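Heads up, the thing below is written out as C-alpha cells.
In this text, all values refer to a predicted model and were calculated from it rather than measured experimentally. Letters A, B, ... mirror the listed sequences (proteins, then strands); counts begin at 1.
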Amino acid sequence: MQYWLFKSEPESFGIDHLKRARTTVWDGVRNYQARNYLRTAEVDDLAFFYHSKAQPPGIAGLCRVTAANVVDPTQFDPDSKYFDPKSTRAEPRWQTVKVRFVEKFATYISIDTLRDTFAEDDLMILQKGSRLSVTPVNRKVAERILKVARA
DNA sequence: GCCAACGTTGGC
DNA sequence: GCCAACGTTGGC
C-alpha cells in the first residue's frame, strides 16, 4: 500500500465536493510526471487531499484509490478544458485513478504546519518550485501527517 | 536537437 | 494580482 498527495483547488473541487460526491475520477492531470505516478497507483492506496491556491494551502483530508489505470474521459471531450486532440481511444495518453472519500481531517494541516513538521526532503510539495499535482508520500511521513490530522 | 517564446502553477 | 519556476511548443 502506497501513500500519495493529490492537489486540487478547492474553488473548483475540494474535499467537501468529494465528500458529497463520495467518489470521483481524478481527471485533468496533464503533466507526464504526475501521470506516470498515477499509472503506478493501485487499489487501496491512500491519498492526502491537498488544497492548493487556498488560504492557507494545506492538507484537508484523505481519500482511497478504488480503481487503478482509469482512462481519463475528459481527454476525448472537445468541450472539456482537458481535451487532448492528440489522444485517441485506441491509444489514450492520460490515465488516472478513481478515488473514494475517506475523511475530512479534524485538524486542517496548513503548509506552515507542514513546513514546521517536515524537512523539504520529506515531502515533495515543500520543495522550491515543485508544481507536481501528484506526488508519493513515504509511509513514515504519512503516519506523522495522520497523527497531526487526528489530534 | 536547440532554445526563445509562451503558457501554467501555486505560494505569497 | 504578481511572478518565480517550471513545462511545452515550434521555428530553425
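Across dG10(B), dG7(C), dC12(B), the shortest atom-to-atom separation from the side chain of I111(A) is found for dC12(B). When the nucleotides dG10(B), dC12(B), dT8(B) are ranked by their closest atom to the side chain of S52(A), dG10(B) comes out on top. With distances taken from any side-chain atom of S133(A) to the nucleotides dG10(B), dC6(C), dC12(B), the minimum falls on dG10(B).
With rounding to whole Å, N36(A) atom CG is found 14 Å from dG7(C) atom C1'. Atom CG of L126(A) and atom P of dA5(C) are 16 Å apart (whole Å). Between M124(A) atom CE and dG11(B) atom P the separation is 15 Å, expressed in whole Å. Here the C1' atom of nucleotide dG7(C) and the CZ atom of R35(A) are 14 Å apart, to the nearest Å. dA5(C) atom P lies 12 Å from atom CD of E120(A), rounded to whole Å. When rounded to the nearest whole Å, the span between CD of Q33(A) and P of dC6(C) equals 11 Å. For the pair L132(A) CG and dG11(B) P, the interatomic distance rounds to 13 Å; values are reported in whole Å. As rounded to whole Å, 14 Å separates atom C1' of dC6(C) from atom CD of Q127(A).
The pair D16(A)-K104(A) meets the salt-bridge criterion, with a side-chain N (NZ, NE, NH1 or NH2) lying under 4.0 Å from an Asp/Glu carboxylate O.
Using cut-offs of 30° and 60° on the angle between ring planes, the pair F105(A) and F48(A) is tilted.
Within the 4.0 Å cut-off from OP1 or OP2 of dG11(B), at least one side-chain nitrogen or oxygen of Y50(A) is found.
Projected onto DNA chain C by closest heavy-atom contact, K53(A) and K128(A) fall at different nucleotides, the more 5' of which corresponds to K53(A).
Looking only at distances, no side-chain donor or acceptor of D44(A) sits under 3.5 Å from a matching main-chain atom of T66(A).
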Going by atom type alone, with no hydrogens or angles, which donor-acceptor pairs under 3.5 Å involve a side-chain atom of residues 133-149 of chain A and a protein atom two or more places apart or on another chain?
{"unit_1": "N138(A)", "atom_1": "OD1", "unit_2": "K140(A)", "atom_2": "N", "d": "3.1"}
{"unit_1": "N138(A)", "atom_1": "OD1", "unit_2": "V141(A)", "atom_2": "N", "d": "3.0"}
{"unit_1": "R139(A)", "atom_1": "NH2", "unit_2": "M1(A)", "atom_2": "O", "d": "3.1"}
{"unit_1": "R144(A)", "atom_1": "NH2", "unit_2": "T117(A)", "atom_2": "O", "d": "3.1"}

